[in-house]
Structure formats: structure tokens, C-alpha cells
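The model shown is predicted, which means the values in this text are computed figures rather than measured ones.
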Amino acid sequence: MLVYRALNGRSGRRMNAVSTGPQEEFTYGMAGPIPMFALAATRYLHDTGLTAEHLHAVVDQSRRNGAGNPRALRREPLTLDGYLARPYVCTPLRTADCCQETDGACALLVSGALGGPRVRAVVRGGGPGCSAMDRAADVTAIFSAYVAPPCCGRRPA
């Protein structure tokens, strides 16, 4: 069995195109994933008291992680001042917070030959509402709360 996933987010139809979702989302400016994540980030920053400096720390760590990978698209360091100078895409998210749109694909071939491998588990990083954030009970807990151990006493609903 061949399991695959392919996206042409760079050369094909862009994810932020207005024709990609329910009409009621566009009434409130939710044209694609960036405004949805900005909504979740705004709520998270409000609830936790975190700031743009904390958002920079995530970008900084991601770039440090990619520094040794020649295939990483963003490897160069980004100072806090450099981060704060980046334009907003959708407040509080700046261009440095958003992923680079790329074309990509992956495939997994599962074979039963010779009593071959079995797929014992499949994990998707999300939870209730991750595919329709506008209907999630808590937009701040739909991804990481389901793929990372709970910290600070916070658990998925």
C-alpha cells in the first residue's frame, strides 16, 4: 500500500486564497491559516502574559535548529531587533513567524511481503478543532497540547 501526501503551496493555488474555506470565515478576515493562527496566538499571549520577545525566542530556536541542516530554508540567525523590524502579516505574527511556502511530498510504502512491517500507530499533531479552528473550544490548545507532555498544569480539554 502506498500512502502519500503532496502539496504545491508555492507553485499552485496559495493557501491564503479567499476561495479555500467557508464564506463566514472571510467576513471576519480569516482568509487562510495565518489569520487563524494569529487569532490563536493573540489569545495565547493574552492568557499567558507572553510578548513578542517570546515569539522571537521560538523563531530564534527554530533557526538554530536549522543552522546545521544545509536543506533548511531558514538557517541564518535573527536577532530580536531584526525580528521586531519584520513586518506584520497578521498581528501578532510577523513574516519571520510564518513558514516558507514550498512544494513538497512524501510517501510511505507499506508491504506485507515476508511478514513485513506493520503500521502500529499513526500520530497527527492536533486535537478537536485543529482542522476547523473557528469551531475549537480552545484555539490555544489544539496542537501542542496533544503532541507534547503537559507542562505548567495545562492539559487538553
Side-chain angles (χ1 to χ4, degrees), residues 4-107 122-157:
Y4 75 94
R5 176 71 167 144
L7 292 170
N8 61 343
R10 180 70 182 145
S11 65
R13 191 164 110 200
R14 305 303 290 266
M15 290 187 74
N16 63 352
V18 172
S19 62
T20 63
Q23 189 59 44
E24 58 272 8
E25 292 177 3
F26 307 126
T27 302
Y28 302 103
M30 299 298 177
I34 295 172
M36 291 285 203
F37 282 105
L39 181 66
T42 299
R43 177 60 187 255
Y44 186 78
L45 294 175
H46 171 78
D47 288 352
T48 62
L50 298 178
T51 65
E53 287 79 8
H54 296 95
L55 292 175
H56 166 260
V58 173
V59 172
D60 183 52
Q61 186 62 56
S62 295
R63 289 181 178 222
R64 288 174 193 257
N65 293 345
N69 181 350
R71 296 178 66 190
L73 295 173
R74 298 284 184 250
R75 302 187 296 265
E76 66 281 356
L78 182 62
T79 65
L80 176 58
D81 287 339
Y83 172 81
L84 295 174
R86 295 290 177 99
Y88 285 109
V89 176
C90 190
T91 307
L93 303 179
R94 300 170 189 274
T95 55
D97 295 302
C98 300
C99 66
Q100 177 73 42
E101 285 185 297
T102 57
D103 293 347
C106 62
V122 175
V123 176
R124 178 171 187 246
C130 70
S131 295
M133 291 174 66
D134 59 321
R135 290 180 226 124
D138 180 359
V139 295
T140 67
I142 59 176
F143 292 101
S144 59
Y146 290 89
V147 296
C151 75
C152 311
R154 185 176 178 120
R155 297 191 182 281

- Item | Atom of Cys90, atom of Ala38 and distance for their closest heavy-atom approach | O-CB, 3.5 Å
- Would you find a donor on one side and an acceptor on the other, under 3.5 Å apart, between the side chain of Arg75 and the backbone of Gly66? no
- Taken to the nearest 0.5 Å, the spacing of Tyr83 OH from Asp60 CG works out to 11.0 Å
- For the side chain to side chain contact (heavy atoms under 4.5 Å, CB included) test, which of Val58, Ile34, Val89, Val59 pairs with Asp97? Val59
- Message: Taking Tyr44's backbone N and O only, do any of them form a donor-acceptor pair with Asp47's side chain (distance below 3.5 Å, no angle check)?
- Response: no
- Item | Flag, side chain of His54 to backbone of Gly49, donor-acceptor distance under 3.5 Å | no
- Output the distance between atom CG (Leu93) and atom CG (Leu55), rounded to the nearest 0.5 Å. 7.0 Å
- Query: Do any N or O atoms from the side chain of Arg86 and from the backbone of Arg94 form a donor-acceptor pair under 3.5 angstrom?
  - Reply: no
- Task: Compare all side-chain heavy atoms of Asn65 with those of Gln61 and state whether any distance is below 4.5 angstrom.
- Result: yes
- Query: Would you say the side chain of Leu84 lies within less than 4.5 Å of the side chain of Leu80, judging by non-hydrogen atoms?
  - Reply: yes
- Item | Thr91 and Thr42, any side-chain heavy atoms less than 4.5 Å apart | no
